[in-house]
Number of protein chains: 2
Amino acid sequence: MNAAINTRQRILRSARDLIYARSYSEVGVAAICDSAGVKKGSFYHFFPSKQELTLAVLDEFFLEFKEQIFAEAFSERLTPLNRLRRLAELAYRFQKEIADVTGHTLGCPFGNIAAEMSTQDEKLRHKVATVLGQMEAHIRDTLEAAVACGEVNNIDVPTTAKAMLAYAEGIMLLAKTRNDPEVVRELMPAMADIRIRT
Amino acid sequence: MNAAINTRQRILRSARDLIYARSYSEVGVAAICDSAGVKKGSFYHFFPSKQELTLAVLDEFFLEFKEQIFAEAFSERLTPLNRLRRLAELAYRFQKEIADVTGHTLGCPFGNIAAEMSTQDEKLRHKVATVLGQMEAHIRDTLEAAVACGEVNNIDVPTTAKAMLAYAEGIMLLAKTRNDPEVVRELMPAMADIRIRT
DNA sequence: ATTATAGTTGACCGGTCGGTCTAGTCAAGT
DNA sequence: ACTTGACTAGACCGACCGGTCAACTATAAT
């Protein structure tokens, strides 16, 4: 049973890494099984389909994101706006590290799947939309706090949060397209300066 | 020979529509041939591979984009900043029209392919990067003009151009993810207000 | 020791993939 | 009339796709 959890976890991690590095369509179940050192039968014992696995992968991604990025950026030591600036810095570090290891700038795992699959798989689209919605909510909360402590004023908080998320996703996509993490370093800090006025 | 050009054009248009509506991986050569009313033999007479066809599709997309969007938005009647605002409006209209017809918000054709294929096919990545580079150049030129006529000042023009492009791409991706063109209407106008200060 | 159950194995399925190839049509050039 | 070469037709290729299945093993409760 311990071994079983282990197997499931190995499948999940292999799938996460492969799908992020390549894409949903380019990664087959067989490749995931090979990478995880697991046979097809075991795969389908734990996951009913490739689609369901991918939903789990998205959860896994978001969990890690919250643990590794949000947890650090959104500590109380920083002012709200500085949390957003810290987020920008962490985004760069993360992309830079991946680029150093893999040779490719991989962008945002959610944005990648959204772009590829939104029109093809409604369940996947909805899942990604939900995750991005939660990210937006985090930014919104942070902006509310910024307003509350007088760090900013006269802004449309919900719309500004959406704009910041859009800007961040766009930067990740451009960085992937140029295969250059420095794009993130150059552009991301300005995310914290976006203001949609009331 | 006229019929031949016609065949090539039909293949190109079918591929453009199908790849935009679905994705590169989800659209097979057979589907493109069916849609174009052409047999495989003809397809491979005009295009050596699916990859080469896609490069041509990207050219086709960019050509249409310049004809339909840039040509209208960048007319001399408008001030530079108003050209960018017009661009935002056209982006919404375009996404809205597609959504009404297809039931899906398809986002940016270049961004879609970039997200899906950048890590998998260097030629495709490079092509998309080039196209987006030209878009960035258009925005940069417009910002230069805005500076020249005193509409804005104290901005880092090249970086602001990049930031505007990133913001636009991010909005298109979010709209696709939410399957809602209204995201474009809500967020895109603020593109013209982005300023990266010197 | 027996039984039930969770997990594993790998052969196998029909279908689709991008791409090849041979045979043939057709119009223009000589 | 004959040749040439662009274009079309569609059968065919091996590889791979997601998914199924029956048989097997390991574990733990009774």
**Message:** It should be established whether Thr7(A) places a side-chain nitrogen or oxygen under 4.0 Å from OP1 or OP2 of nucleotide dG7(C).
**Reply:**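 Answer is no, no contact under 4.0 Å.
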
What I want to find out is whether [X] reaches [Y] closely enough, with some N-O distance under 4.0 Å, to be called a salt bridge.
X         : Y         : answer
Lys123(A) : Glu52(A)  : yes
Glu97(A)  : Arg93(A)  : no
Glu89(B)  : Arg85(B)  : no
Lys96(A)  : Asp100(A) : yes

**Near-strand residues of residues 13-35 of chain A, defined as heavy-atom separation under 4.0 angstrom from DNA chain C** =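 Under 4.0 Å from DNA chain C: no residue of residues 13-35 of chain A.
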
**Message:** Using a strict heavy-atom distance below 4.0 Å, which residues from residues 47-59 of chain B are in contact with DNA chain C?
**Reply:**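 Within residues 47-59 of chain B, the residues near DNA chain C are Ser49(B), Lys50(B).
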
Can you tell me how far [atom2] of [N] sits from [atom1] of [X], to the nearest Å?
X        : N       : atom1 : atom2 : value
His45(B) : dT8(D)  : NE2   : C1'   : 9 Å
Arg8(B)  : dT8(D)  : CZ    : P     : 12 Å
Phe46(A) : dT9(C)  : CZ    : C1'   : 13 Å
Arg10(B) : dT8(D)  : CZ    : C1'   : 11 Å
Asn6(B)  : dC7(D)  : CG    : C1'   : 13 Å
Lys40(B) : dC13(D) : NZ    : C1'   : 10 Å
Tyr44(B) : dA9(D)  : OH    : P     : 16 Å
Ile11(B) : dC7(D)  : CD1   : C1'   : 11 Å

**Prompt:** Choosing from dT9(C), dG10(D), dT20(D), which nucleotide comes nearest the side chain of Ser42(A)?
**Reply:**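 For Ser42(A), the side-chain atoms sit closest to dT9(C).
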
**Request:** When you get a sec, tell me which of dG19(D), dA9(D), dC7(D) is the closest nucleotide to the side chain of Lys39(B)?
**Result:**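 Ranking dG19(D), dA9(D), dC7(D) by closest atom to the Lys39(B) side chain puts dA9(D) first.
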
**Request:** Measure up the Phe110(B) and Phe65(B) rings against each other and bin them: parallel (under 30°), tilted (30 to 60°), perpendicular (over 60°).
**Result:**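 Taking Phe65(B) first and then Phe110(B), their aromatic rings stand perpendicular (interplane angle over 60°).
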
**Request:** Indicate the ring-plane relationship of His138(A) and Phe70(A), choosing parallel, tilted or perpendicular according to the 30° and 60° boundaries.
**Result:**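 Rings of His138(A) and Phe70(A): tilted, 30 to 60°.
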
**Request:** Mind running side-chain contact (heavy atoms from CB on, under 4.5 Å) on Ile196(A) and Ile155(A) for me, showing each step along the way?
**Result:** CA-CA 6 Å; Ile196(A) 308 291; Ile155(A) 68 166; over 6 Å; no

**Request:** May I ask you to test the Asp141(A)-Phe74(A) pair for a side-chain heavy-atom distance under 4.5 Å?
**Result:**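 Asp141(A) vs Phe74(A): side chains apart.
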
**Asked** On the ring face of Tyr24(A), is Lys50(A) found with NZ or CZ under 6.0 Å from the centre and within 45° of the axis?
**Response**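 Lys50(A) over Tyr24(A) ring: yes.
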
